[in-house]
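See below for the structure under consideration.
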Number of protein chains: 2
Amino acid sequence: MPADEAPVQTKKAKATIYDVAQQAGVNPSTVSRALSNPGRVSPQTRRLVEITAGVLNFQANHSAQVLQTGSTRMLGLLVSDITNPNFFGILREAGRVATQQQYSVVLGNAAESAATELSAARRLIKTVDGLILVSPRMSESNLQLLAATKKVVAINREVSGIDCVVPDPDRGVSQAVRFLAGNGHQKIVFAAGPEMSWMSARRWDAVSDACEWCHVTAERIESTSPTIDGGRKLARTIKASGATAVITHNDLMAIGLMHELQGAGMAVPEAISIVGFDDIFGADFTTPSLSSIRSPLGECGSLAAGLILNSFAGTPQEPKSLMVDTELVIRGSAGPARSAP
Amino acid sequence: MPADEAPVQTKKAKATIYDVAQQAGVNPSTVSRALSNPGRVSPQTRRLVEITAGVLNFQANHSAQVLQTGSTRMLGLLVSDITNPNFFGILREAGRVATQQQYSVVLGNAAESAATELSAARRLIKTVDGLILVSPRMSESNLQLLAATKKVVAINREVSGIDCVVPDPDRGVSQAVRFLAGNGHQKIVFAAGPEMSWMSARRWDAVSDACEWCHVTAERIESTSPTIDGGRKLARTIKASGATAVITHNDLMAIGLMHELQGAGMAVPEAISIVGFDDIFGADFTTPSLSSIRSPLGECGSLAAGLILNSFAGTPQEPKSLMVDTELVIRGSAGPARSAP
DNA sequence: TTGAAAGCGCTAACAG
DNA sequence: CTGTTAGCGCTTTCAA
């Protein structure tokens, strides 16, 4: 391994509990107790220690504590889809729940591929007590291997043997399809996401089922990539399909598609209605603003954090999958079908 | 402290180097060397150790390593403005640079206020070798206190005594003002950000200077908050100002302002040109798409990480401020003034 | 309530 | 090239 020096700590040597103990004239263990177990020490001693610690600017050495106690009091969060800024909700809520139990949440360096995701997860998991993986792309077996090390919870994906929190597309999709059917749309196209995406499959199932229920035709078309550009490339095919409504695997695709369609002279929603998925940041920047099926990501975050924290506190539980409901957010991009009354 | 149990490690007890050593019939220190210092051990012993470690699924205890070596090989990144998804560029590039030196980057739980930011920074800094703060809101003295503990670099803010990487608005602003002046605009309004924002002041200075240079009038108006809604609330004032062009402190404000103005019947850019700052994710979702002055955040990230990493490797340096150039991204929202030829 | 002492898992001299 | 030994800074029994 080349160029592998330890950091030169140019900063002044840190004070340890020994320094504090000496300065205060007590035993190191008393300092430890006073600082992290107050109540097991007399009030005056405690004051003394606290003041001395303050004077010496004492900062407990985290790794020493971790080494001793076995707990980092940190949760990791790893997000694979960095193009979806929406996961801030997850971070915020997971953080909120964690904070209540004096835990903090750190975000792992986001991953571009399944491989980098795995290595990022491996690095991160060493430094935390539990790990939340959002839309993980790695294989099931790798996921299970990770889960054998520390507590792991997946969001947006269901994997046997590990705890999961997954938004159930059914409710939001059925709202969307009912809305579209009620507005006279006879045929709905679903623009799928990546071939291997668990979520995309799940979403198509929901669309297909809801359409059947509402007696409208559902057609699935494949995309090249789940991005704005991927959405653009779908415009021809979708126009040719004769559908008056389209639901896309995600909002990025919806936005790309909408722009391309508008560029080709099709009015949205007059000529074609568009509904995306995820209600990402910026979905309401567009004209018309984008209708979208939203997952309660914040709730996913708090549930995931809760799952991990509970597993520390309570008795071991069977791995379980938590379902959360999705919800249609109607904005300007969806409306009555052209031929509707 | 109530309810403060250590996590119950329900997982199987981890293998240590002692287990590996015993199994392989060598000394623990040999295991340590073979794994983290290959080259100081014979090839066959090394193979043996590696295989045994694999079999036992050995994972080195991170905190023990840290405790011993004093280095976590991790960099922290703390972002205060979570509404600006643009900082992904920082994360990505800082991560890239860090990875080259076997460091990884963790993101601290984002902060809502100066106070939570400080406590988040305090928590995070204990677990990393160096900390990058993006647009920090805390006081200078707190910043300097942090910097006394570990290596700290600020992005988007200049603070004496600590390393900084700041985008210089001058270039982008001067491009924007020249563009607007060249298109016949006589008066440019700057919609300022938060009163105490260092960056907002910097940006106004740049606008003011550039306008003077181009002989156009610059007017500064205050906002209530640097958000979409804050932008909306500016619409009346800006319309009343009679200006035909506006530069906003950030893109969120620009988007809110644009929507509100359009809602009030003003065409963009025909009646009024709008230029934002930051070129955030979604700036091109709008109609017309938003022109914006972009900071090379990726570059800021790599520079900041480089600054930290170099400080570990080399001799102590004087704190320095690195400047990076901003750049105008012209899109549909800016064009010829109404009364222009 | 406080002190003494052991040890968490690892690395890094120093010998051999 | 490999074994021995001594801690890193903290928490936590066990005594006093």
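Proteins get letters first, then strands, A, B, ... in listed order; numbering begins at 1 in each.
- With a 4.5 Å cut-off on side-chain heavy atoms, B/Phe58 and B/Ile17 count as touching.
- In the set C/dC10, C/dT1, D/dG9, D/dG9 carries the atom at the smallest distance from any side-chain atom of A/Thr16.
- A salt bridge links B/Lys151 and B/Asp163; the closest N-O separation between the charged side-chain nitrogens and carboxylate oxygens is under 4.0 Å.
- A close approach under 4.0 Å does occur between a side-chain nitrogen or oxygen of A/Ser42 and OP1 or OP2 of C/dT2.
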N/O donor to acceptor pairs below 3.5 angstrom from side-chain atoms of residues 22-34 of chain A, sequence neighbours left out:
unit_1, atom_1, unit_2, atom_2, d
A/Asn27, OD1, A/Ser29, N, 2.8
A/Asn27, OD1, A/Ser29, OG, 2.7

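- D/dC8 atom C1' lies 14 Å from atom CD1 of B/Ile17, rounded to whole Å.
- Distance from the side chain of B/Ser36 is smallest to C/dT11 among C/dT11, C/dT2, C/dC10.
- A side-chain donor-acceptor contact under 3.5 Å links B/Ser42 to the backbone of B/Thr45.
- The terminal axes of the helix from C/dT1-D/dA16 to C/dG16-D/dC1, fitted over 5 pairs per end, subtend an angle of 30° to the nearest 10°.
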Show, in sequence, the C-alpha distance, side-chain angles and deciding distance for A/Ser139 and A/Ser141, and conclude whether the side chain to side chain donor-acceptor pair (under 3.5 Å) test is met. CA-CA 5 Å; A/Ser139 71; A/Ser141 52; 3.2 Å; yes

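- In this structure, the nucleotide among C/dG9, C/dT2, D/dC10 sitting nearest to the side chain of B/Asn61 is C/dG9.
- Counting all heavy atoms, side chain and backbone alike, A/Cys300 lies closest to A/Val165 at CA-CG1, 3.8 Å.
- Comparing B/Ala64 and B/Thr45 against DNA chain D, the residue whose closest nucleotide sits nearer the 5' end is B/Thr45.
- When rounded to the nearest whole Å, the span between CG of B/Asp19 and P of C/dC8 equals 11 Å.
- Below the 3.5 angstrom threshold, one finds a donor paired with an acceptor across the side chain of B/Tyr18 and the base of C/dC10.
- With the nearest nucleotide of DNA chain C identified for both A/Arg46 and B/Gln65, A/Arg46 has the one nearer the 5' end.
- Atom P of nucleotide D/dC10 and atom NE2 of A/His62 are separated by 12 Å, given to the nearest angstrom.
- When atom types are taken as modelled, the side chain of B/Glu93 and the backbone of B/Gly301 share no donor-acceptor pair closer than 3.5 angstrom.
- Under the side-chain contact (heavy atoms from CB on, under 4.5 Å) test applied with A/Leu107, the options B/Val79, B/Leu77, B/Leu107 reduce to a single match, B/Leu107.
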Between the protein and nucleotides 12-16 of chain C, which nitrogen or oxygen pairs come in under 3.5 angstrom?
unit_1, atom_1, unit_2, atom_2, d
C/dA13, N6, B/Arg33, NH1, 3.3

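- Among the heavy atoms of the strands lying under 4.0 Å from A/Val26 are primed sugar atoms or P, OP1, OP2 only; no base atom is included.
- For A/Gln22 and C/dG3, the CD to P distance is 13 Å, given to the nearest whole Å.
- For the residue pair B/Gln144 and B/Ser160, the shortest heavy atom distance occurs at NE2-O, 2.9 Å.
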